[in-house]
Amino acid sequence: MECHCHDHVPGDWRSHEDCDCHKHEYPTYSFVVTKVIDDYPGAGAVFISTAFMDNLGLSDGDPVEVLGPQGCVVQAKCHPNAWIDTRMVSFDRETMDKTGFQLFSQVKLRKAVCTAAESVTLQAPSGIDFTKQQIRSMLDKVDGMVLTGSDSINLQTNRGETIRFRIFETEPDEICKVSPGTRIRLVDEDGEEYVSSKETYFKDIGGLKEAVRKVREVVQLPLRHPEIFYRLGIDPPRGVLLHGPSGTGKTLIARAVAAETGCWFKSVVGSEIMDKYYGESEAKLRAAFEDAFKHAPAIIFIDEIDALAPRRDTSEGEVERRVTAQLLALMDGLEDRGAVMVLAATNLPNNLDPALRRPGRFDREIIIGVPDVVGRREIIEIHTRDMPLGPLDLDGLADKIHGFVGADIKSLCQEAAYEALRRSLPGLEDTEQTLSEDFLEALVVESCDFESALKYMRPASGRRFEVNLSGAGWNNVAGFSKEIEFIQETILWPLKNVAVLEKLGVNRPSGLLITGPSGVGKTLIARSIAKESGFNVIEIRAPELLSKYMGESERNIRELFRQTKELAPTVLIVDSVDSFGTSGWSDSKVIDRIVNQLVLEMNAIKSEKPILVVATAVRAEDVPPALRATGRFGQELLLRLPSEKDRKKIFQKYLSRDRIHFSGDFPEPAKESEGLSCGDIEEICRRAILNVAKVALEENRDAPESVTLTENEVLRAIDQWKLMRSLYISEDWSAHSQ
């Protein structure tokens with residue numbers, strides 16, 4: 001058989017006994033080692049002159065077999081010296097040590113065939129803390145690198161640092177190379193799953209168990225086990241849209257999906273895609289998807305997608321319409337996207353182009369809502385697990401921060417840590433001394449630090465509808481024992497046991513109308529319902545929904561209920577709902593449209609989490625009849641003026657405080673306050689306390705630490721209040737007569 005080995009003497013082409021080149025497809029060439037390349041990032045490389053690469057039939061990055069007793073397969077790279085002799089090559093330091101070659105040694109090379117690795121497991125050295133995505137980007141720099149058994153591999157960070165990883169396992173076991181589709185798995189020195197403190201996992205997400213379950217079902221399952229969908233004969237989901245208020249954890253879930261699946265992850269930001277030159281924006285978007293196709297299985301995450309692909313019928317810019325059309329084509333083009341999942345997040349889903357929100361593009365839409373009291377407690381535990389805590393009531397703290405999302409709670413914990421620092425060592429920023437270990441051990445975050453931090457914190461999701469529930473709750477409601485019992489049995493119990501009602505096929509209550517005279521405590525009862533339920537709260541006065549512009553009132557109602565659904569479970573308090581019927585507008589059709597919109601929104605409340613709408617009015621007759629129908633405000637609670645027994649409890653509530661002492665009997669003020677409401681009694685007690693404090697300040701010229709009220713002073717305040725009311729009534733009557 002004729003020999004094609006180019007190492008023999010020219011003209012002697014017959015096979016030699018020590019030559020096996022006829023058994024291989026590619027010829028063998030002899031070279032001389034002339035230089036060592038230090039600090040090469042990779043597992044092994046041979047540097048060949050560009051002119052001789054064609055003779056070997058090699059492209060940059062192809063595998064090459066090094067013949068000899070310590071033979072191996074390395075990656076062919078173009079020599080950095082363009083003037084190098086064609087028969088001279090260089091190796092990296094790792095390959096030189098492994099093969100035992102010396103400078104000016106003769107070496108035989110032959111082109112090799114190397115399969116792409118399906119997965120590679122790397123053992124991370126101690127002392128490093130890199131995320132999987134960072135290591136994935138480091139591997140992208142050495143695409144095509146050959147993995148040789150249990151050898152190590154050198155990777156360079158973005159800062160130019162070289163880190164050595166041991167190749168723990170490859171699939172397949174034979175010699176293979178890194179490809180864009182290679183899955184990466186990391187283990188520590190003990191062979192356990194590598195966990196980075198910078199990485200986000202599903203265990204780091206609190207209060208979103210149901211949302212996380214849905215995301216794992218539609219994202220993680222198709223990427224890890226696509227054979228299940230092939231067996232069922234269905235296409236796996238290709239797109240998932242996450243929407244909800246800002247700060248609830250949409251981006252956090254996307255990061256956790258990337259970390260848990262270990263897939264290639266690409267984050268697309270609208271500001272990076274948009275370009276002023278014609279066609280550049282679409283080209284950047286196509287490039288992002290092409291990278292994902294090349295690295296499949298892959299995940300593309302588009303944050304704030306409403307800015308990238310707004311509605312084409314209302315968009316004013318030509319660029320936005322073209323980018324939206326390009327995204328539609330990429331997500332539903334003629335070519336199969338393969339194992340590429342598109343995740344998108346927005347807090348304005350209605351601003352998104354409707355063509356994107358259909359099966360085949362975004363197959364699933366998952367609401368990432370505001371956490372309830374149980375979810376808030378989970379989030380507090382996550383953000384304080386590495387924090388030195390003193391005695392802290394997590395349940396009580398979670399109950400106080402209604403409406404807080406994950407970002408708010410994280411900021412609250414950070415602010416509490418700063419409060420602990422200010423309390424322990426004020427002026428620490430001016431201290432140049434090194435802090436001792438004893439001081440660091442004594443640094444503890446106490447409950448008072450959270451209380452101080454809470455004074456400056458406001459929930460981002462419900463900042464427009466901020467409600468102070470510190471004075472609400474059944475403990476702050478004097479009297480109304482029968483009314484409270486009715487609320488607990490008819491309203492609160494069904495809301496807290498929704499699962500039981502669903503099994504029985506019974507609808508949960510959706511509306512409650514509280515009526516009664518002014519000052520009787522309607523708003524206090526409504527806020528107490530919200531606090532006792534543990535739900536998020538939105539409170540708004542009905543006149544705030546009205547607008548003189550055509551269609552604005554209906555839009556305000558739609559926006560109100562949209563935010564209510566996002567914050568679910570929610571208690572929506574609509575104060576003075578009877579103003580719709582007594583607004584004094586000349587056009588009754590305007591009020592009819594507003595009432596119809598409110599009726600439509602209440603009928604359309606469909607949420608997995610409960611939503612309760614509580615309205616207050618002076619008289620039920622003033623509320624439009626359409627709102628009092630069954631299924632809306634079908635249940636009514638009438639609050640009457642307090643009885644003498646209830647008035648006694650109200651006086652005890654306001655006159656029995658830490659720094660306020662009452663010397664006398666409560667039955668007499670309760671008897672003299674006949675016909676007064678709860679608000680009247682609160683104002684009477686406030687004025688009596690002010691009168692006593694004023695006298696004490698004039699006598700001592702110092703602010704009193706406590707005051708003492710007598711029975712006569714309270715009775716005098718009651719008489720003054722009655723006299724003032726009679727004067728107001730007489731003035732109103734005379735003005736009405738004129």
Side-chain angles (χ1 to χ4, degrees), residues 129 196-200 203-207 245-249 251-252 255 370-473 475-476 531 534 536-537 657-660 693 697 702-706:
D129 192 7
S196 171
S197 61
K198 300 178 182 178
E199 202 82 77
T200 302
K203 63 181 179 62
D204 300 321
I205 302 175
S246 299
T248 52
T251 306
L252 195 67
R255 292 175 182 171
V370 178
D372 54 12
V373 62
V374 178
R376 294 195 294 268
R377 192 188 191 284
E378 293 178 1
I379 299 174
I380 295 174
E381 289 179 346
I382 290 173
H383 289 296
T384 58
R385 61 190 174 192
D386 297 328
M387 185 180 292
L389 291 178
L392 179 63
D393 182 14
L394 295 181
D395 294 325
L397 180 60
D399 187 58
K400 293 179 181 178
I401 55 175
H402 63 86
F404 276 53
V405 296
D408 298 326
I409 297 176
K410 180 181 179 181
S411 179
L412 173 65
C413 295
Q414 291 176 344
E415 187 62 30
Y418 276 107
E419 289 291 339
L421 195 59
R422 300 186 193 104
R423 175 176 50 82
S424 301
L425 187 60
L428 182 62
E429 60 274 7
D430 298 328
T431 304
E432 297 182 357
Q433 298 179 354
T434 304
L435 300 178
S436 63
E437 291 292 335
D438 295 336
F439 171 77
L440 295 178
E441 290 292 335
L443 191 60
V444 178
V445 182
E446 303 285 350
S447 177
C448 59
D449 300 321
F450 280 92
E451 295 292 338
S452 301
L454 197 57
K455 296 178 182 178
Y456 310 103
M457 294 297 299
R458 296 293 181 271
S461 60
R463 190 164 292 173
R464 176 186 171 191
F465 310 104
E466 185 178 344
V467 185
N468 184 10
L469 298 182
S470 58
N475 296 331
N476 296 316
K531 185 173 184 179
N536 298 311
V537 189
R657 302 182 185 178
D658 294 337
R659 298 187 179 184
I660 299 173
L697 184 62
D702 291 328
E705 295 185 359
S706 62

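Just so you know, these numbers come straight off a predicted model, no measurement behind them.
- Contact record, Gly207 with Pro371: O-CB, 4.2 Å, taken as the closest heavy-atom pair.
- In terms of heavy-atom proximity, Asp204 sits nearest to Leu252 at O-CD2, 4.3 Å.
- Listed by chain and number, the residues in a side chain to side chain donor-acceptor pair (under 3.5 Å) with Glu446 amount to none (sequence neighbours excluded).
- For the atom pair Tyr418 OH and Asp449 CG, the distance stands at 14.0 Å (nearest 0.5 Å).
- A 4.5 Å side-chain heavy-atom check between Pro388 and Leu443 finds every atom pair outside the cut-off.
- Closest non-hydrogen pair, Ala416 versus Ala453, comes out as N-CB, 3.7 Å.
- Residues Arg423 and Ser452 have side chains not in contact (no heavy-atom distance under 4.5 Å, counting atoms from C-beta outward).
- A donor-acceptor contact shorter than 3.5 Å is absent between the side chain of Ser411 and the backbone of Ala407.
- To the nearest 0.5 Å, atom CD1 of residue Ile379 and atom CG of residue Leu394 are 12.5 Å apart.
- Looking at Arg376, its side chain does come within 3.5 Å of a backbone N or O of Ile401 through a donor-acceptor pair.
- When all heavy atoms of Gly206 and Ile382 are compared, the pair lying nearest together is N-CD1, 3.4 Å.
- The heavy-atom pair separating Cys413 from His383 by the smallest distance is SG-CB, 3.8 Å.
- In this structure, CD1 in Ile380 is found 7.0 Å from CG in Leu412, a value given to the nearest 0.5 Å.
- Taking the side chain to side chain donor-acceptor pair (under 3.5 Å) definition, one finds that Asn476 meets it with nothing, sequence neighbours left out.
- We find the NZ-CD distance between Lys455 and Glu419 to be 8.5 Å, quoted to the nearest 0.5 Å.
- Within a 6.0 Å radius of CZ in Arg255, no more than 12 heavy atoms belonging to other residues, nucleotides or ligands are found.
- In this structure, CD1 in Ile409 is found 11.0 Å from CD in Glu381, a value given to the nearest 0.5 Å.
- Taking the charged nitrogens against the carboxylate oxygens, Asp393 and Lys400 have no contact shorter than 4.0 Å, which rules out a salt bridge.
- Of all heavy-atom pairs between Val373 and Ala398, the closest is O-CB, 3.8 Å.
- Ionic pairing of Arg422 and Glu415 is present here: one or more N-O contacts between side-chain nitrogen and carboxylate oxygen are shorter than 4.0 angstrom.
- Ile205 contributes atom CD1, which lies 11.5 Å from atom CD of Glu378 (distance to the nearest 0.5 angstrom).
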